[in-house]
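Input: a single structure, listed below in structure tokens.
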Amino acid sequence: MKSYKLSLQIRRFFIYIIMIIITLLAIVPIYTMLINATRSTEQINNGLSLIPGTNLLYNWNALTSRGFQISQGFINSAIIALSSTVLCVYFSAMTAYGVHVYKFKGRNLLWTIILLIMMLPASLSFIGFYQFMSKLHLLDNYIPLIIPSIAAASTVLFLRQYMQSILQKELIDAARIDGAGEFRIFNTIILPILTPAMSAQAIFAFVASWNNFFTPFVLISSTKKYTLPMLVQMLRGDIYRTEYGGIYLGIAVSIIPILIFYAFMSKYIISGVAAGGVKE
């Protein structure tokens with residue numbers, strides 16, 4: 001009995017060590033970024049430091065004096081990220097629901113195509129996507145950054161797997177017997193059940209859209225439509241001097257909405273898991 005307790009304590013000790021290491025790997029880069037946001041360029045070039053500097057105000061002035069329109073960048077990024085996240089999560093849930101619940105010819109083929117799309121790298125079709133948007137005269141427009149988010153194969157896969165483990169089809173049959181339509185069943189019954197999974201995918205979709213730099217950089221040409229990551233990249237445009245302190249401060253400012261969105265959505269994940277899936 002004593003040996004069993006000892007082995008259990010050893011296992012817990014190693015688990016705690018691993019958790020501490022993973023926590024440090026996640027926190028240290030963010031902490032370093034916040035520290036560098038308060039240091040000068042010379043101090044940053046001299047090496048790392050765990051002590052905050054005194055150049056926060058100077059970095060802020062350097063940030064705002066070089067055309068860094070923070071408010072406009074926030075609005076542009078918020079429009080794209082929120083719109084694409086809503087479309088991605090809602091229509092992915094609808095697709096996963098249709099593939100999981102309905103029996104129709106070609107369902108397995110459709111599911112295979114979804115899996116194949118998920119395996120293909122996005123850069124493979126980007127040239128064709130750019131040419132297609134050019135023919136539709138949608139360059140320098142937010143539509144190519146929002147509408148394609150509907151086709152999120154990885155989100156569909158995750159939500160379908162979640163449905164297979166938690167969704168009871170008897171609940172759908174009971175709603176049909178009561179006279180509920182298919183869209184009403186999906187919107188009023190299925191979506192609340194999928195809230196934890198949808199919240200998790202919403203976090204991933206929002207972060208990916210907010211941090212997306214390459215696609216807006218290629219498609220957007222008007223400075224007024226630049227997203228926040230694009231504005232941060234503009235800070236490196238001075239060939240004579242690069243204010244790394246201002247760049248770090250700009251990056252730190254740009255991750256604030258991500259932290260807020262995560263804090264807002266994580267409570268739905270926790271509450272959904274605590275409440276359970278289907279109540280009897």
Side-chain angles (χ1 to χ4, degrees), residues 8-64 66 68 70 73-74 77-78 80-82 84-85 121-123 154-155 158 196-197 199-217 226-238 241-270 273:
L8 185 60
Q9 292 177 353
I10 294 174
R11 290 180 183 177
R12 288 181 178 177
F13 174 77
F14 281 108
I15 290 175
Y16 289 146
I17 293 297
I18 294 173
M19 292 176 62
I20 292 173
I21 293 174
I22 294 176
T23 303
L24 290 176
L25 290 176
I27 293 178
V28 168
I30 298 177
Y31 180 77
T32 304
M33 177 192 64
L34 296 177
I35 293 298
N36 287 336
T38 64
R39 303 171 68 203
S40 64
T41 301
E42 292 77 10
Q43 292 173 339
I44 294 174
N45 289 331
N46 289 334
L48 297 176
S49 174
L50 299 178
I51 303 175
T54 58
N55 285 67
L56 180 61
L57 183 59
Y58 175 82
N59 292 337
W60 179 260
N61 292 331
L63 187 67
T64 55
R66 301 178 65 180
F68 190 78
I70 298 178
F74 265 110
S77 293
I80 297 173
L82 292 175
S84 61
T85 299
S123 58
S154 58
T155 307
F158 181 87
S199 300
Q201 292 303 304
I203 293 174
F204 296 140
F206 182 86
V207 172
S209 179
W210 186 274
N211 291 332
N212 188 13
F213 170 77
F214 180 73
T215 305
F217 180 76
Y226 276 10
T227 61
L228 210 53
M230 296 175 67
L231 292 177
V232 172
Q233 179 65 20
M234 288 177 59
L235 298 176
R236 298 176 59 90
D238 194 341
R241 178 179 174 85
T242 300
E243 292 291 347
Y244 289 107
I247 293 176
Y248 275 107
L249 183 58
I251 297 174
V253 170
S254 66
I255 68 171
I256 293 176
I258 297 177
L259 299 177
I260 295 175
F261 188 82
Y262 173 79
F264 177 76
M265 296 303 297
S266 60
K267 67 179 182 179
Y268 291 101
I269 299 176
I270 298 172
V273 172

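In this chain, numbering begins with 1 at the start of the sequence shown.
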Work out which heavy atom in [X] is nearest to a heavy atom in [Y]; give both atom names and the distance.
| X | Y | result |
| --- | --- | --- |
| Met265 | Ala202 | CE-CB, 3.9 Å |
| Leu50 | Ile35 | O-CD1, 4.0 Å |
| Asn55 | Ser40 | ND2-CB, 3.6 Å |
| Leu34 | Ala252 | CD2-CB, 3.9 Å |
| Pro229 | Trp210 | CG-O, 3.2 Å |
| Ser209 | Ala81 | OG-CA, 3.3 Å |

Spell out, as yes or no, whether a donor-acceptor pair under 3.5 Å connects the side chain of [X] to the backbone of [Y].
| X | Y | answer |
| --- | --- | --- |
| Ser77 | Phe74 | no |
| Asn46 | Glu42 | yes |
| Thr41 | Tyr244 | yes |

Could you state the interatomic distance from [atom1] ([X]) to [atom2] ([Y]), rounded to the nearest 0.5 Å?
| X | Y | atom1 | atom2 | value |
| --- | --- | --- | --- | --- |
| Ile20 | Leu25 | CD1 | CG | 12.0 Å |
| Arg39 | Leu56 | CZ | CG | 13.5 Å |
| Leu228 | Ile80 | CG | CD1 | 11.0 Å |
| Thr38 | Gln43 | OG1 | CD | 8.0 Å |
| Phe261 | Leu82 | CZ | CG | 6.5 Å |
| Thr32 | Ile27 | OG1 | CD1 | 11.0 Å |

So does [X] have more than 12 non-hydrogen atoms from other groups sitting under 6.0 Å from [atom1]?
| X | atom1 | result |
| --- | --- | --- |
| Ile51 | CD1 | no |
| Ile17 | CD1 | yes |
| Phe206 | CZ | yes |
| Phe217 | CZ | no |

- Among Thr85, Ile255, Ile258, find the residue that satisfies the side chain to side chain contact (heavy atoms under 4.5 Å, CB included) test when tested with Val207. Ile258

